[in-house]
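Have a look at the structure below before the remarks.
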Amino acid sequence: MRVAKLFNLVSALALFAFVGTAAAAGPAQPTAVLTSADCVKCHEQPPKDIAAAGGKHKTEVTCQDCHVGHPPKVKKPIPQCSQCHEGKPHYKLQGCLGCHSNPHTPKVIKFGNNVTDPCLTCHTGQIEQLRAFKSKHTALNCSFCHNVHGRIPDCTQCHKPHANDMTAKDCKVCHQAHKPADVTYKSDTPSKMCAACHSKAFKLLTSSTAKHSKLACVYCHQAKHKMVPQCTQCHVKPHPAAIMAKFPKCGECHSIAHDLNRWGDAAAPAPAAAPAKPAAPAKPAAPAKPAAKPVKK
């Protein structure tokens, strides 16, 4: 009986050794590899964020390109931004998550009201304009107006329009946000835009009977604000040289360009002087007193 048990034990050991040897000789089992489909099984929100606003994180990389492993095999699965983003001044800034709070929606950028320097690493043209054309905008932080990345506010958010019928889009006809005081306009700018500030000149011009009243403001004041043309730019030789020599300034006869030829009423002649009253007759002189007689001693 004991011999039989011993035989069975030896047979089992031999069979186990054979199976183990056969398994060792066979092909190695492949290492399991995670895919993005595996990540979705546990991490629901990040894939939704990437699908909604992932930018290049959606189109050019997968979960595994950033997260090279998973605990417990990898202790720190969250990568640094510099792992991929390098080579530009913007990527040298510290604290990426201060603006890019969710790396799965990298272009949804929010920041406070005192941010400027990070903006300058990309938006150099705008700061050059602000510094070259000084205005109240120059003293503001970028995030005062652009508190969300890519947001362009309406001017009327801070500024009242010049006239009630002006809308936010009308502001851009004359003003650029990064150099607002450098007013320029196109040749088809309607005169009502000018009238919003220059109402007196506009009223004089439109009520005038001269040909100037038919012209748009920008016909004379071309391209740049406060540009005042000379009359001779259009009226080359309006009068003979002798008249021009005597009256070298057009305004001496023609008033101002917005109200031409308003000479006013002719001066009325001065009233005739009243006739002088006859002089009063002179009073007769009083008779002279007789000289005093000398006193005898």
Side-chain angles (χ1 to χ4, degrees), residues 36 39 43 45-70 74-161 167-186 223-225:
S36 295
C39 304
H43 305 281
Q45 191 58 44
K48 290 180 180 179
D49 292 341
I50 290 175
K56 290 185 178 181
H57 285 191
K58 174 183 177 180
T59 59
E60 296 187 10
V61 298
T62 67
C63 299
Q64 290 71 42
D65 288 325
C66 294
H67 307 283
V68 295
H70 195 284
V74 175
K75 293 182 178 180
K76 295 182 179 181
I78 308 299
Q80 296 294 316
C81 300
S82 56
Q83 175 179 304
C84 296
H85 301 281
E86 59 182 1
K88 294 182 179 180
H90 188 74
Y91 300 148
K92 295 180 181 180
L93 295 171
Q94 300 297 314
C96 304
L97 297 179
C99 295
H100 307 273
S101 56
N102 184 350
H104 300 111
T105 56
K107 289 296 183 71
V108 179
I109 304 171
K110 297 181 180 181
F111 28 66
N113 289 334
N114 299 311
V115 178
T116 291
D117 290 343
C119 308
L120 305 188
T121 57
C122 291
H123 304 284
T124 55
Q126 289 82 351
I127 193 62
E128 288 174 358
Q129 288 183 348
L130 284 166
R131 289 170 177 169
F133 300 91
K134 298 289 185 180
S135 70
K136 290 183 179 180
H137 285 192
T138 307
L140 299 176
N141 292 109
C142 297
S143 59
F144 183 87
C145 296
H146 310 282
N147 59 345
V148 175
H149 188 254
R151 179 178 180 271
I152 300 176
D154 290 333
C155 300
T156 50
Q157 174 179 306
C158 296
H159 305 280
K160 291 182 179 180
T167 62
K169 68 178 182 179
D170 292 328
C171 303
K172 297 178 182 179
V173 173
C174 298
H175 302 280
Q176 297 182 49
H178 299 106
K179 49 178 183 177
D182 184 49
V183 181
T184 57
Y185 36 80
K186 296 180 180 179
K224 189 170 178 63
H225 191 237

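The analysis underlying the following values was restricted to heavy atoms, covering all of them including side chains, and did not include hydrogens, waters or symmetry mates. As the structure is a computational prediction, the values presented were derived from the model and not from experiment.
- Heavy-atom contacts from other residues, nucleotides or ligands closer than 6.0 Å to CD of Gln45 number more than 12.
- Residues His225 and Asp182 form no side-chain contact, since every pair of their non-hydrogen atoms from C-beta on lies 4.5 Å or further apart.
- Nearest heavy atoms, Asn141 versus Thr116: ND2-OG1, 2.9 Å.
- In this structure the side chain of Ile78 reaches within 4.5 angstrom of the side chain of His67, judged on heavy atoms.
- Closest of all the heavy-atom pairs between Ser101 and Pro103 is O-CD, 3.8 Å.
- When all heavy atoms of His100 and Pro106 are compared, the closest pair comes out as ND1-O, 2.8 Å.
- In terms of the side-chain contact (heavy atoms from CB on, under 4.5 Å) criterion, residue partners of Lys58 (sequence neighbours excluded) are, by chain and number, Ile50.
- Counting heavy atoms from C-beta outward, Lys92 and Thr121 have side chains that stay 4.5 Å or more apart.
- Ion pairing of Asp154 with Lys169 is absent here, as no side-chain N (NZ or NE/NH1/NH2) approaches a carboxylate O to less than 4.0 Å.
- At a threshold of 4.5 Å between non-hydrogen side-chain atoms, the residues Val183 and His175 count as touching.
- A side-chain donor-acceptor contact under 3.5 Å links Ser143 to the backbone of Asn114.
- When all heavy atoms of Gln83 and Asp65 are compared, the pair lying nearest together is NE2-O, 3.4 Å.
- In terms of modelled atom types and a separation under 3.5 Å, the side chain of His146 and the main chain of Arg151 share a donor-acceptor contact.
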